[in-house]
There are 2 protein chains.
Amino acid sequence: MDDPVDVRLAAEVSHDPRATLAQLSERVGLSVSAVQARLRKLENSGVIVGYQAILDPEAVGRPLSAFIEITPLDPRQPDDAPRLLEPLTAIEACHSVAGDAAYMLFVRVASPRELEALVSEIRHRASVNTRTTVVLQTFYEHRPMLSP
Amino acid sequence: MDDPVDVRLAAEVSHDPRATLAQLSERVGLSVSAVQARLRKLENSGVIVGYQAILDPEAVGRPLSAFIEITPLDPRQPDDAPRLLEPLTAIEACHSVAGDAAYMLFVRVASPRELEALVSEIRHRASVNTRTTVVLQTFYEHRPMLSP
DNA sequence: TCTGAAAGACACCCCTC
DNA sequence: GAGGGGTGTCTTTCAGA
């Protein structure tokens, strides 16, 4: 993505994905059709991966979140943790990381009891040790990657 | 949010926020007017916090991400780190956590050099020690909180 | 690649059942 | 909650520069 107008457009959409083409065209200084064409290109080329509604975790019954670092029990075994854990929908993100652990997960659950069950499930599904860091308060998250 | 139809609607919107009311009404089995009324209620009551376009980190020049745990240098001082760090747009999320550190950040930067600069900036802005865990690969993230 | 205009689809608000 | 009507706006497409 080289064009500065594309960057601006991506930033605008990133902040307000429900904006109409007319609003976007005003903000980036192009005609509606031009904006539409560029937006399509950004979507099809994979710059814009998708759109998402951000829900209130408490309102949807997942008030407790945590980071879980996982380490394979046997480092010599082939390691397939991300795929093995993918069906667990409580897991919002899965990264492999440099450092003590092999992977870092971010999870959302309903209760401490459910967190315990999830950790246990992760352990024996992927044959790993875990180290859980419970989130006490979220000050901000989902902040956009581009600032307009 | 108690009504199962609301849950279903939130799940649908969460997956496809750009769906039209007609499409949503088909998926949840209600009339368009009912869907519109419920959607407004979900937005106004704060269940739906907002909408976001998900961008490809590499395409927007932030291919490197990391977790940064931070610990106040002086635990007796009043602690204002989240507010002090808020202007740093490389920080995507800031949580207070239970465990060794006081806060966990998730950041996205362009390069190792920029990560170094960011860590340094965080340290003297908030008077904290840091422990950085670099992300090597992201298998998935932004997974929706509700599965339809 | 942009602009401009025309046609169809949609959101929105109000109403009645 | 369903269904309909009216209005304004938006999306989409296609012409032309």
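Every chain is numbered from 1 and lettered A, B, ... according to where its sequence line falls, protein lines coming before strand lines.
Tested against A/R108 for a salt bridge (Lys or Arg N to Asp or Glu O under 4.0 Å), the candidates A/E92, A/E58, A/E114 yield a single pass: A/E92.
A donor and an acceptor atom sit less than 3.5 Å apart, one in the side chain of A/S33 and one in the base of C/dG4.
Taking atom CD of residue B/E26 and atom C1' of nucleotide D/dA2, one finds them 16 Å apart after rounding to whole Å. At whole-Å resolution of the value, CG in A/D3 and P in C/dT1 are 10 Å apart. Straight-line distance from the CG atom of A/L21 to the P atom of C/dA11: 14 Å, rounded to whole Å. When the C1' atom of D/dC10 is taken as reference, atom CD of A/Q23 falls 10 Å away, rounded to whole Å. Atoms CG (A/L39) and P (D/dT13) sit 14 Å apart, rounded to a whole Å. For the pair A/Q36 CD and C/dA9 C1', the computed distance is 13 Å after rounding to whole Å. A/L9 places its CG atom 10 Å from the P atom of C/dC2, with the value rounded to the nearest Å. The CZ-C1' distance, from B/R40 to C/dC13, rounds to 9 Å in whole Å.
Using modelled atom types, one finds a donor on one side chain and an acceptor on the other under 3.5 Å when comparing A/E43 with A/Y51.
Proximity of B/R38 to the phosphate of D/dG1: a side-chain N or O atom is located under 4.0 Å from OP1 or OP2.
Taking the six-membered ring where the residue is Trp, A/F67 and B/H95 present perpendicular rings, their angle passing 60° and hence far from 30°.
Taking the charged nitrogens against the carboxylate oxygens, A/R62 and A/D56 have no contact shorter than 4.0 Å, which rules out a salt bridge.
Within the nucleic acid shown, B/T20 comes within 4.0 Å of sugar-phosphate atoms alone, with no base atom in reach, counting heavy atoms only. Within 4.0 Å of B/R18, counting heavy atoms only, lies no atom of the nucleic acid at all.
Listed candidates were D/dG1, D/dT11, C/dC13. Nearest to the side chain of B/A34 is D/dG1.
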